[in-house]
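Working notes, structure below.
By convention here, the first residue in the shown sequence is residue 1. Atoms within each ligand, like the ligands themselves, are counted from 1 in listed order. The structure presented is a predicted model; accordingly, all values stated were derived computationally and were not measured.
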Amino acid sequence: MRILIVGNGGREHALLWKLRRDAPAAGFYATRPNAGMAGMARAVDIAPTNVEALTSWAESHRMDLVVIGPEVPLALGLADRLEAAGVPVFGPSKAAARIESSKAFAKDLMSAAGVPTAGYRVFTDAARAEAYVLEGGGPCVVKASGLAAGKGAIVCDDSDEACVAIRQMLVEGSMGDAGREVVIEERMTGEELSVFALADGERAVPLVASQDHKRIGEGDTGPNTGGMGAYAPVSLATDNLIARVGDEILDPVLYALAEAGCPFRGLLYAGLMLTNEGPRVVEFNCRFGDPETQVVLPLLEGSLLDPMMAIADGSGLAGHRAGTAGGAAVTTVLAAEGYPGSYRTGAAMEIPESLADDPDVLLFHAGTRHHEGAVLTAGGRVLAATGLGRTLAEAAERSRRAAREIRFEGRYFRSDIGWRELARN
Ligand code: AMP
Ligand code: GLY
């Protein structure tokens, strides 16, 4: 069996790690693998966004499965092209991926399907958008409608802040094309929860729920990032809550997408806020989350490959369930100084051997590369150090210790991943 992983971040390293456990005899390939993936998969030197080249490569090398990690190739239609070429693929079509690639599309779909989410309006004209927030006056969230690598949402305390964000996106083009259309949302309050569900176009099979830490600073302060750490399980995510998420959110959205002629096959990520009125959607993503995958997959009991193949070959998820192993997982992201703003790459990394041998620590590389026998940083988020434990406190301690022991110039990480859950216990 031959499996190609598209993408080379921490999420893809975790996918590769899990799929290799599920199919030790398979041949693995990855696009431009980072330094951690390089020893586990053969390198394919094609950019994930080069849809044509990847499709012909996968076809001519007779891949049995292509797993698409990031949203951009999905939004560009890589899954459609592979499917048309007869290559089994895990990841939604371009049309279904609009659930992430167009926030305006996602909001309209949710509103039509009666899925609980923040009230919203869509604008392309700055003056109209400003008039709208000035009229409302209170807190709101200004979002670029298109893909913005997790940095497209500005949470505003008042209309002055919102007007600044509107001008930056619609007038100054701070988010490029992604911000030519903005969604202005009611600001919700509550704790956030990431629910990943495997989906075959009709059925959703949720994996263990996790919590991301999107802000750069400890105590959840400062600007949003792609995610600075995550943990699972989350005690707020009771069986009842997850059943409610299935009934009120996942099932209606899958149904609405199928009705719209674009059934969702792949991983549907519901980013939720647990408000006083119940779970409400903050956003949908059309792929696994990063860094949540680095805690969700280590806790998954049983195969990931089986349901992925069942989705890819059309046999579907009937009879599949995703069990959770006991214990807890915490991941701490090591970032380069300056991230999520501009940052430097090319710093030499020291990763102690003892960490690689520790069964309770998993190192998932993100922005790293090999150069002349050394491992160098090559991105804003550099590596995710996952700690496993019987309790969350134990897992958090192992994750933090691993983060501390990995060294590179300008290394930054949050020491408080899991703090909300630890405060509850
Ligand atoms: P998004 O890019 O839509 O995932 O938003 C990024 C982050 O901004 C979320 O994880 C939330 O912390 C925050 N956020 C987004 N939308 C809202 C909202 N309507 N109310 C409150 N916070 C929000
Ligand atoms: N961790 C947030 C995301 O993957 O979008």
- Query: Using a distance-only test with no angle check, is there a side-chain donor-acceptor pair under 3.5 angstrom linking Ser235 and Glu421?
  - Reply: yes
- Task: With sequence neighbours excluded, tell me which residues meet side chain to side chain contact (heavy atoms under 4.5 Å, CB included) with Asp313.
- Result: Ser315
- Task: Over 60° means perpendicular and under 30° means parallel, so classify the ring planes of Phe364 and His13, tilted if in between.
- Result: perpendicular
- Query: Against heavy atoms of Glu186, which atoms of ligand 1 measure under 4.0 Å?
  - Reply: 18 (C), 19 (N), 20 (N)
- With ring-ring contact (aromatic ring centres under 6.0 Å, His included) as the test, would you mind laying out the steps for Phe123 and Tyr132 before giving the verdict? CA-CA 10 Å; Phe123 294 94; Tyr132 174 72; 5.3 Å; yes
- Message: Using heavy atoms and a 4.0 Å limit, tell me yes or no: is Arg215 in contact with ligand 1?
- Response: no
- Task: May I ask you to list the atoms of ligand 1 that are less than 4.0 angstrom from any heavy atom of Met273?
- Result: 21 (C), 22 (N)
- Task: Considering the heavy atoms of Lys143, write down every atom of ligand 1 situated less than 4.0 Å from one of them.
- Result: 3 (O), 15 (C), 16 (N)
- Message: If the cut-off is 4.0 Å to any non-hydrogen atom of Asp212, which atoms of ligand 2 fall inside it?
- Response: 1 (N), 2 (C)
- Task: Kindly confirm or rule out an N or O of Asp290 lying under 3.5 angstrom from an N or O of ligand 2.
- Result: yes
- Item | Interfacing atoms of ligand 2 (cut-off 4.0 Å, heavy-atom, Arg287) | 3 (C), 4 (O), 5 (O)
- Message: For a side-chain contact (heavy atoms from CB on, under 4.5 Å) check, start with the C-alpha distance between Phe264 and Val253, then their side-chain angles and the critical distance, and finish with the verdict.
- Response: CA-CA 9 Å; Phe264 189 101; Val253 160; over 6 Å; no
- Note on the structure: In ligand 1, the atoms that come under 4.0 Å of a heavy atom of Val155 are 8 (O), 13 (C)
- At a 4.0 Å threshold, what atoms of ligand 1 neighbour a non-hydrogen atom of Ala118? 19 (N)
- Item | Check: Glu283 N/O within less than 3.5 Å of ligand 1 N/O | yes
- Message: Any heavy atom of Phe288 closer to ligand 2 than 4.0 angstrom?
- Response: no
- Message: Run the salt bridge (Lys or Arg N to Asp or Glu O under 4.0 Å) test on Glu12 and Arg32 for me, step by step, so that the C-alpha distance in whole Å, both residues' side-chain angles and the decisive distance to 0.1 Å come before the verdict.
- Response: CA-CA 11 Å; Glu12 289 78 18; Arg32 302 182 174 167; over 6 Å; no
- What atoms of ligand 1 come closer than 4.0 angstrom to any heavy atom of Lys103? 1 (P), 2 (O), 3 (O)
- Message: Side chains of Glu202 and Tyr255 only: does a donor on one sit below 3.5 Å from an acceptor on the other?
- Response: no
- Message: Does ligand 2 come near enough to Glu292 that some N or O of the ligand is less than 3.5 Å from an N or O of the residue?
- Response: yes
- Kindly determine whether Ser145 and Glu181 satisfy side-chain hydrogen bond (donor to acceptor under 3.5 Å, both in side chains), including the steps that lead there. CA-CA 6 Å; Ser145 184; Glu181 178 179 64; 3.0 Å; yes
- Task: Run the numbers for me: atoms of ligand 1, each under 4.0 Å from some heavy atom of Asn224, listed by number.
- Result: 6 (C), 7 (C), 8 (O)
- In terms of side-chain geometry, is the basic nitrogen of Asp360 or Arg398 positioned less than 4.0 Å from the acidic oxygen of its partner? yes
- Would one find an N or O of Met188, backbone or side chain, under 3.5 Å from an N or O of ligand 1? yes
- Query: Going by the order shown, which atoms of ligand 2 are within less than 4.0 Å of some heavy atom of Gly289?
  - Reply: 4 (O)
- Task: Apply salt bridge (Lys or Arg N to Asp or Glu O under 4.0 Å) to Glu191 and list each qualifying residue two or more places apart in sequence or on a separate chain.
- Result: Arg424
- Proximal atoms of ligand 2 relative to Asn285 (non-hydrogen, under 4.0 Å): 5 (O)
- Message: The test is side-chain contact (heavy atoms from CB on, under 4.5 Å); show your working for Arg203 and Leu198 and say whether it passes.
- Response: CA-CA 8 Å; Arg203 260 173 241 96; Leu198 295 161; over 6 Å; no
- Under 4.0 Å from a heavy atom of Gly226: give me the atoms of ligand 2 that qualify, with their elements. 1 (N), 2 (C)
- Item | Lys107/Glu185 ion pair, N-O < 4.0 Å | yes
- Please could you name the atoms of ligand 1 that Ala153 approaches to less than 4.0 Å, counting only its heavy atoms? 2 (O), 5 (O), 6 (C), 8 (O)
